[in-house]
Structure formats: structure tokens, C-alpha cells
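See below for the structure under consideration.
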Amino acid sequence: MKVLVPVKRVVDYNVRVRVRADQSGVELAGVKMALNPFDEIAVEEAVRLKEAGIATEVIAISCGATQCQEQLRTAMALGADRAILVETDAAQAEVLQALAVAKLLMAVCEREQPGLVILGKQAIDDDANQTGQMLAALLGWPQATFASKVVIVAGRAEVTREIDGGLETLSMTMPAVVTTDLRLNEPRYASLPNIIKAKKKPLDVLRPNDLGVDIAPRLTILKVVEPPRRQTGVKVADVAELVAKLRNEAKVI
Ligand code: AMP
């Protein structure tokens, strides 16, 4: 069984994001980029399935500008066998939306015929939380989102999900789509020898036209603004003063 893992290039989570002066989006020039953290978890899960003898091949795929090759190399250093870049122009990459990515992934699924697609539950840049769900719908495949455990038994995927007040376990036929929650696993670090080996692993480049997919954006971003600045706090002498302030000034009790 092949496992396909879509990985997104995003601003590194340690970077303090700045909004562009024209409010068209966030500043990307000179900013450190990284593999979306939920996608690292997805790669780790796929690699563990291969190590367990369940998956035969792990394919990482990214849609976006040429620089996404860096994140694909990282995915291969973490254990993916090969990679596919669906390459767009830099300008197209900035406005690549979840539906377009899902359509590109669908076209690649039709070519590669994976038994499982494992995506992150969301990309930390735009927090869309849509791509996995759209992909499953387009393919007509079962989906289990926010997975905290994945077990493959007798050709079915059993997925545990953390839901309000407990754990839900679903059983799906395969091929299927899974999206990863934070607690699914703890991704390994890429070792230096594996980083070097990853440079030699195959990386195929396709264009959206090769897949016959229209990636034109369907939504227009009107503006992006910074969150309001936090007001400076005050220190209170004791509980009585705190309660008085909450009652008389904040009027919340
Ligand atoms: P989103 O729906 O944008 O929050 O992203 C959810 C997941 O879809 C991510 O964690 C990735 O696994 C995948 N994904 C989103 N955008 C891309 C992209 N441009 N290339 C590859 N995978 C992507």
C-alpha cells in the first residue's frame, strides 16, 4: 500500500508574523519557512506504517512555488521514499486555496492510487482546516479527521479521534483520508546521514496544467490586520481589591 502525505511550506512557528503594510497578507520576504508541524506528524505516521511493514512506499507531495522542494527534502529526510512537487509560480502560490490544493491532490491520487492519504489537520498559516475534508469529498473516499491513533487491520483503517468528552473510534474501508491531530505521535528528528540521503531521493516536478486542474482562487482576501494590542495590566494589592475591580470597573461579576 502506498501512503501519500501532502506537506505544506509555512512560516516557521517560532517566527513573529508581521502583516504587510498594504494589509494584503503577512510578510514572507526573508522569513524563516518550515514544514507545517501537523504534516511532520503525518510523515512520521506514514513512516511508522512503512516500518511496521504495512505501507510499501511513502510519497510526500507539496503544491506551491519551487522553494517547497526544501520541505519535500525534509519529509524525505524524515523517511519519505520520494516526493512530488506540483509547481506553481510564486504569485499563484500566494493565492493557492484549499479547494485548488484538494483538486491537485485528487489528480495525483488518481495517478498514484495510494491506499491512504495522511494530511495535517490544518496548516498553521491560514488555519483553513479544509484540504483533507475537500479531498475526501472529491474522491468519494471515507475520511477520519483529527486522528490521535491509526491502526490498520484486515484492510481497514481504525482511527481514534478525540472528541468532546471522550474518544471516538471509526473503522473505514480503504483507500481513505486521515488528518492528524497533535497527539498522534511525536515526530523524530532527521539525522545528518538521512538529510544527506534525502538529497538523492527522487523528486518529480509537475505543473497544475499537467494534471488538468484549474487553480484559480475562488475567494478574495479583503484585508489582513494585526490583532489588537494587549493593554498593559495592573497589579492589585489583594483579593478584595481584585473583586472590587472586577465588579465596579470591568463589570464582569
Ligand atoms: P489547510 O486545509 O490549509 O488547513 O491544510 C490542511 C492540510 O492540507 C495540511 O496540513 C497539509 O497536509 C495539506 N495541504 C494544505 N496546503 C497544501 C499545499 N499547498 N501542498 C501540500 N499539502 C497541503
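Whatever order the structure lists them in is the order used to number ligands and atoms, beginning at 1.
- A side-chain donor from one of Thr145 and Arg161 sits under 3.5 Å from a side-chain acceptor of the other.
- Neither the backbone nor the side chain of Leu105 comes within 4.0 Å of ligand 1, counting heavy atoms alone.
- Looking at Gly132, Ala60, Ala42, Pro6 and measuring to atom 12 (O) of ligand 1, the nearest heavy atom belongs to Pro6.
- For the 3.5 Å distance criterion, the side chains of Asn185 and Glu44 fail to qualify, holding no donor opposite an acceptor.
- Side-chain contact between Val151 and Lys149 is present, with at least one heavy-atom pair separated by less than 4.5 Å.
- Contact annotation: for Thr131 versus ligand 1, heavy atoms closer than 4.0 Å belong to both the backbone and the side chain.
- Val43 is not listed as a side-chain neighbour of Pro187, based on a closest heavy-atom distance of 4.5 Å or more.
- If you number the atoms of ligand 1 from 1 as listed, the ones under 4.0 Å from a heavy atom of Asn129 come out as 1 (P), 2 (O), 4 (O).
- Side chains of Glu168 and Thr160: a donor-acceptor N/O pair is absent below 3.5 angstrom, by distance only.
- Ligand 1 has no N or O atom lying under 3.5 Å from any N or O atom of Leu96, backbone or side chain.
- Listed by atom number, the atoms of ligand 1 under 4.0 Å from Ile61 heavy atoms are 21 (C).
- Using a 3.5 Å distance cut-off with no hydrogens or angles, the side chains of Arg156 and Ser171 do pair a donor with an acceptor.
- At a 3.5 angstrom cut-off on N or O pairs, Gly64 does not count as close to ligand 1.
- Taking the side chain as every heavy atom from C-beta outward, Ile61 and Val86 approach each other to under 4.5 Å.
- At a heavy-atom cutoff of 4.0 Å, ligand 1 is contacted by no atom of Val5, backbone or side chain.
- Considering backbone and side-chain atoms alike, Asp127 places every N or O at 3.5 Å or more from each N or O of ligand 1.
- At a heavy-atom cutoff of 4.0 Å, ligand 1 is contacted by the side chain of Asp39 but not by its backbone.
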